[in-house]
Protein chains: 2
Amino acid sequence: MKRKVTLKQIARELDVSISTVSKALRNSVEISEDTGEKVQAFAKLYNYRPNNIALSLKNRKTKTIGIIIPEIVHHFFSKVIRGIELVANKRGYNVIVGLSNESFSKEVINMEMLANGSIDGFILSVSKETLKLQDYHHFIETISQGMPIVMFDRVVNEINCDKVIVDDLKGSKKVVNKLVENGCKTIAIITTKDYVSVGKLRTQGYIEALEAHNIKPKADLILKVDDNLVSDEHLEVLEQEIEFMLTNNPKIDGVFAVNELYAISAMKVAQKLKRKIPEDIQVVGFTDGVLSKHASPSLTTVSQHAQEMGEKAAQLLIDNLEVEEEEETYQTVIIETELIERESTK
Amino acid sequence: MKRKVTLKQIARELDVSISTVSKALRNSVEISEDTGEKVQAFAKLYNYRPNNIALSLKNRKTKTIGIIIPEIVHHFFSKVIRGIELVANKRGYNVIVGLSNESFSKEVINMEMLANGSIDGFILSVSKETLKLQDYHHFIETISQGMPIVMFDRVVNEINCDKVIVDDLKGSKKVVNKLVENGCKTIAIITTKDYVSVGKLRTQGYIEALEAHNIKPKADLILKVDDNLVSDEHLEVLEQEIEFMLTNNPKIDGVFAVNELYAISAMKVAQKLKRKIPEDIQVVGFTDGVLSKHASPSLTTVSQHAQEMGEKAAQLLIDNLEVEEEEETYQTVIIETELIERESTK
DNA sequence: ACAAGCAACGCAAACGTTTTCGTGTTGACA
DNA sequence: TGTCAACACGAAAACGTTTGCGTTGCTTGT
């Protein structure tokens, strides 16, 4: 087992100084052609590669960006990661991921673990628990130490940093408009509790769009599901709640679900109740994942362009990292949504 | 913006030496109670945290493990990552991910990028292109430099390292046995080309299981799909091929698909051909993802226990990293598969 | 009173780089 | 022959830690 070769070893072997080797490898003019070639040849022979850690220490930058997300087994988040990795790699950066698992303390611990020199900046999506507790000290502290943060999707307005979000409001309106266009008279929404910012915004978009069409939103048609229902175990409870709403409001002919799982569940319940999709009920989801595409009928849904979000977030962060003067001006990039029409709508 | 405080700054501020500060913080007996408390208080006040990079350089270990996978937008792989991250975090390690995107060169580049000191060891699943080219020099080189590798799922036998695999052969036999038990007489398989090791093994298991039941495997019933068809664009081609097989072999009453997408496609085609599932045709997949659970009918499938694979891989790697004597003995851990019965079988 | 011993601290090396500056050797030129 | 520039290279600091060992100053015992 041959350990990695260092400058020192090359220097000793060739009977020159470390600095000479270093300069020779970087083609410094200070080095004679003779020694230059000798060193280069030797280095190539022993497959010399500079030690990243030493470089990081010296340059005080790691060329690594940290990602903190609530969950990785999730189409949206993994697609964002793919986007981040894509541009990060292209620009010579590595990506290190931490999972908060929607937990506040894991989010804090993970950030502290990475903030001590391991990375140059964060890209993150805030965990639900953090949103609920509204405790943002770890973000504030990180930023105040000079480490930039880019938030995506689930952001917190109080924090001053770059953000990449989807236009949830507009996206929701597109959905409602589409359903109204398609002749729906009674449109229900299946959404989350309000502290999840995106859920709140989508609900708001739904309400505003209805009002724009002179339809009065009815509380009966707004189903706010408890969050832990997203986890698969509570699927039955979710379906029961949906069934309750559908049977109690038989006139519902359009359903807007703020995520894929809710939409799929809605379709399942509707089919169980012998309502035909899209003839009797039209269903639209949010987030374009595998489920939407391969469900039967396939689901009309709002694409958030997750990969693009990741790419944009990485661009923002790296641009910020590589600019000389620290400008204290942050931007919020809005990624346009797109309504992908499939079989669950007319 | 207050930069991160270092030992040197504390030392200067308190008018003691750097070593005194360091020792005080580590509760060395060499330090008087007095200075000890003073330093600790100051450190806490300024929220001192040792710089990870400096520690890595000194200790020559980074407490970080590198993951290289072909694709992250994939239920199986993301679940493996979750497993890795779980035990890695528990044992004080971070996780840095690189995506090969099924490309040989990206796999090589990513590994080289990480191998220069950034990580202590690799956990990886080999890209398809690498398997096809059979060029394993980057693995060999990495290992020979003393950096341990754990391969999972898509492994290469020629390389001597720890491995975590699923018992594809046995898993496939379970499927065929189940279908035979359920009364199937003509069982088809939808699989990949042979160079994908897992595809090959599953095909082999299918054949062996059939023969064990005195059923002669027929070439007509073995559909080897070209790999790029897994990408969603070529979905139609995939469905055409399946339809071709199903119509040309109307007696098919059982289908074994080696991945989720193939299984879903098979169900879609079957339903289009007016065959009832599971009455006319029973379908079983491999890999327990979201699609299987939420398809209609929901899909009977073989669970690979992806998260467990990740956990096991991380354990192997970290155990290897933290053992004193480098033993040159590698193990291959086999994760048991489990047949999850749902609505697509009787 | 003086050596020994101990408590408390500082020095310096080490990890692997890069880079600034200093230094020695040449050669040319006056 | 003496001066100076150019050339080629080495020494050392720096990044932030940890740690073995040397060095103080003081207390203790005889």
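The chains referred to below are lettered A, B, ... by the order of the sequence lines, with proteins before strands, and numbering in each begins at 1. Since we're looking at a predicted model, the values are computed, not measured.
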A.B. asks: Could you verify whether a donor N or O on one side chain and an acceptor N or O on the other, from A/S103 and A/S100, lie under 3.5 Å apart?
C.D. replies: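 Side chains of A/S103 and A/S100: no pair found under 3.5 Å.
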A.B. asks: Output yes when at least one side-chain N/O atom of B/R26 is less than 4.0 Å from OP1 or OP2 of D/dT17, else no.
C.D. replies: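 Negative; the distance criterion is not met.
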A.B. asks: Residues two or more places apart in sequence or in another chain: which of them pass ring-ring contact (aromatic ring centres under 6.0 Å, His included) with B/H305?
C.D. replies: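 Listed in chain order: nothing, the list is empty.
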A.B. asks: How would you list all residue pairs meeting side chain to side chain donor-acceptor pair (under 3.5 Å) that involve residues 17-29 of chain A, not counting sequence neighbours?
C.D. replies: A/S17-A/S19, A/S17-A/T20, A/K23-A/E30, A/N27-A/Q40
A.B. asks: Search all heavy atoms of A/L57 against all heavy atoms of B/L57 and return the closest pair with its distance.
C.D. replies: CD2-CD2, 3.3 Å
A.B. asks: Which residue pairs pass the ring-ring contact (aromatic ring centres under 6.0 Å, His included) test with at least one member in residues 29-70 of chain A, sequence neighbours excluded?
C.D. replies: A/F42-A/Y46
A.B. asks: Have a look at B/V29 and say if it touches a base, only the backbone sugar-phosphate, or nothing, with a 4.0 Å heavy-atom cut-off.
C.D. replies: nothing
A.B. asks: Can you name the atoms? Protein N/O to nucleotides 21-24 of chain D N/O, anything below 3.5 Å, with the distance.
C.D. replies:
{"residue": "D/dC21", "atom": "N4", "partner": "B/E30", "partner atom": "OE1", "Å": "3.2"}

A.B. asks: Who are the side-chain contact (heavy atoms from CB on, under 4.5 Å) partners of A/K132, not counting sequence neighbours?
C.D. replies: A/Y195
A.B. asks: Write out a two-atom table: protein N or O, nucleotide N or O from nucleotides 25-27 of chain D, distance below 3.5 Å.
C.D. replies:
none

A.B. asks: Taking side-chain contact (heavy atoms from CB on, under 4.5 Å) as the test, write out the residues that go with B/D135, two or more places apart.
C.D. replies: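 B/F104, B/L133, B/H137.
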A.B. asks: Just the table, please: protein N/O against nucleotides 12-16 of chain C N/O, every pair under 3.5 Å.
C.D. replies:
{"residue": "C/dC15", "atom": "OP2", "partner": "A/K8", "partner atom": "NZ", "Å": "2.7"}
{"residue": "C/dC15", "atom": "O2", "partner": "B/K58", "partner atom": "N", "Å": "3.4"}
{"residue": "C/dG16", "atom": "OP1", "partner": "B/R60", "partner atom": "NH2", "Å": "3.3"}

A.B. asks: With a 4.0 Å limit, can you tell me whether A/S22 has a side-chain N or O closer than that to the phosphate oxygens OP1/OP2 of C/dT18?
C.D. replies: yes
A.B. asks: Tell me which residues in residues 31-43 of chain A lie within less than 4.0 Å of DNA chain D, going by non-hydrogen atoms.
C.D. replies: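 Output list: A/I31, A/S32, A/T35.
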A.B. asks: If we check side chain to side chain contact (heavy atoms under 4.5 Å, CB included) with B/M151, which of these qualifies: B/I165, B/V164, B/T332, B/I159?
C.D. replies: B/I159
A.B. asks: Can you measure B/I53 atom CD1 to D/dA14 atom P for me and round it to whole angstrom units?
C.D. replies: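 Answer to the nearest Å: 21 Å.
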A.B. asks: Name all residues meeting the ring-ring contact (aromatic ring centres under 6.0 Å, His included) criterion together with B/F122; count only those two or more places apart in sequence or in a different chain, and write none if there are none.
C.D. replies: none
A.B. asks: Which salt bridge (Lys or Arg N to Asp or Glu O under 4.0 Å) pairs, counting each pair once, include a residue from residues 53-65 of chain A, with sequence neighbours left out?
C.D. replies: A/K63-A/E322
A.B. asks: A/F139: which residues meet the ring-ring contact (aromatic ring centres under 6.0 Å, His included) condition with it, sequence neighbours left out?
C.D. replies: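 Per chain and number, A/F139 pairs via ring-ring contact (aromatic ring centres under 6.0 Å, His included) with no residue.
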A.B. asks: Answer with yes or no whether the side chains of A/E107 and A/H138 bring together a donor and an acceptor at under 3.5 Å.
C.D. replies: yes
A.B. asks: Can you tell me if A/S118 and B/N52 form a side-chain donor-acceptor pair at under 3.5 Å?
C.D. replies: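 Side chains of A/S118 and B/N52: pair found under 3.5 Å.
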A.B. asks: Figure out the CZ/P separation between B/R12 and C/dG10, and round it to whole Å.
C.D. replies: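 After rounding, the gap between these two atoms is 15 Å.
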